[in-house]
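Residue numbers count from 1 along this sequence. The figures that follow rest on heavy atoms only: side chains count, while hydrogens, waters and symmetry mates do not. Not measured: the values here are computed from a predicted model.
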Amino acid sequence: MASFQLELVSPEKLLLSRAVEMAVIPAAEGEMGVLAGHAPMIVALRGGVISVREGGQVTEQLFVAGGFAEVAPDRVTILADEATPLASLSKSDAEIRLREAEAALSAAANETPEKREAAMARVLSARAMVEAALAA
């Protein structure tokens, strides 16, 4: 199977840079599978799990809290707000993050629509983190 270069960058460091067969990314519109030769596009990411496939099997999974992905026929570059290997996720930390995000959403009830939307995005990302931590 053909491969493409996958790069995953977080604010702290380059987490992944290698040739892979397929990547499944949590696009804002839904899960998106990327293979070599994919049409070029830029997509927003929601909180969720990136799955890397090599040799027909999932070889790596990382949680991303959001960000963007630039897809080209021979390369995918993911700029993640935050990225953590699935095996390193803590259920208790994820639950704390969810409680804090829900409190911030409640506090934003009388704020501008943009602030409420940002608070809701944090809640959705935290929920995805809890689900990923439970699945790990």
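- Residues in residues 62-80 take part in these side-chain hydrogen bond (donor to acceptor under 3.5 Å, both in side chains) pairs, two or more places apart or across chains: Glu7-Arg75.
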Would you mind writing out the side-chain donor-acceptor pairs for residues 115-131 within the sub-3.5 Å range, not counting sequence neighbours?
residue : atom : partner : partner atom : Å
Arg116  : NH1  : Glu111  : O            : 2.5
Ser125  : OG   : Ala65   : O            : 3.1

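- Contacts classified as side-chain hydrogen bond (donor to acceptor under 3.5 Å, both in side chains) and involving residues 94-110 (residues at least two apart or in different chains) are given here: Glu82-Arg97.
- As a member of the Ile/Leu/Val/Met/Phe/Trp/Tyr network built from side-chain separations under 4.5 Å, Leu79 groups with Val9, Leu14.
- Shown here are the side chain to side chain donor-acceptor pair (under 3.5 Å) partners of Gln5, two or more places apart in sequence or in another chain: Ser17.
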What donor-acceptor contacts under 3.5 angstrom involve side-chain atoms of residues 38-50, with partners at least two apart or in another chain?
residue : atom : partner : partner atom : Å
Arg46   : NE   : Ala27   : O            : 3.2
Arg46   : NH2  : Glu31   : OE2          : 2.7

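- When side chains are defined from C-beta on, Val20 does not count as touching Ser3, because their heavy atoms never get closer than 4.5 Å.
- For the residue pair Leu89 and Phe63, the shortest heavy atom distance occurs at CD1-CB, 3.8 Å.
- Linking ILVMFWY residues whenever their side-chain heavy atoms come closer than 4.5 Å, directly or via other members, places Met32 and Val76 in the same cluster.
- Linking Ile, Leu, Val, Met, Phe, Trp and Tyr residues whenever their side-chain heavy atoms come within less than 4.5 Å places Leu62 and Phe4 in a single cluster.
- Hydrophobic clustering (ILVMFWY, side-chain heavy atoms < 4.5 Å, transitive): Leu15 and Val52 are in one cluster.
- A salt bridge (charged side-chain N to carboxylate O under 4.0 Å, His left out) check over residues 10-27, counting only residues at least two apart or in different chains, returns the pairs Arg18-Glu54, Arg18-Glu60.
- Met22 and Ile78 are assigned to two separate hydrophobic clusters, defined by single-linkage of ILVMFWY side chains at heavy-atom distances under 4.5 Å.
- For the atom pair CG of Leu86 and OG of Ser51, the computed distance is 8.0 Å after rounding to the nearest 0.5 Å.
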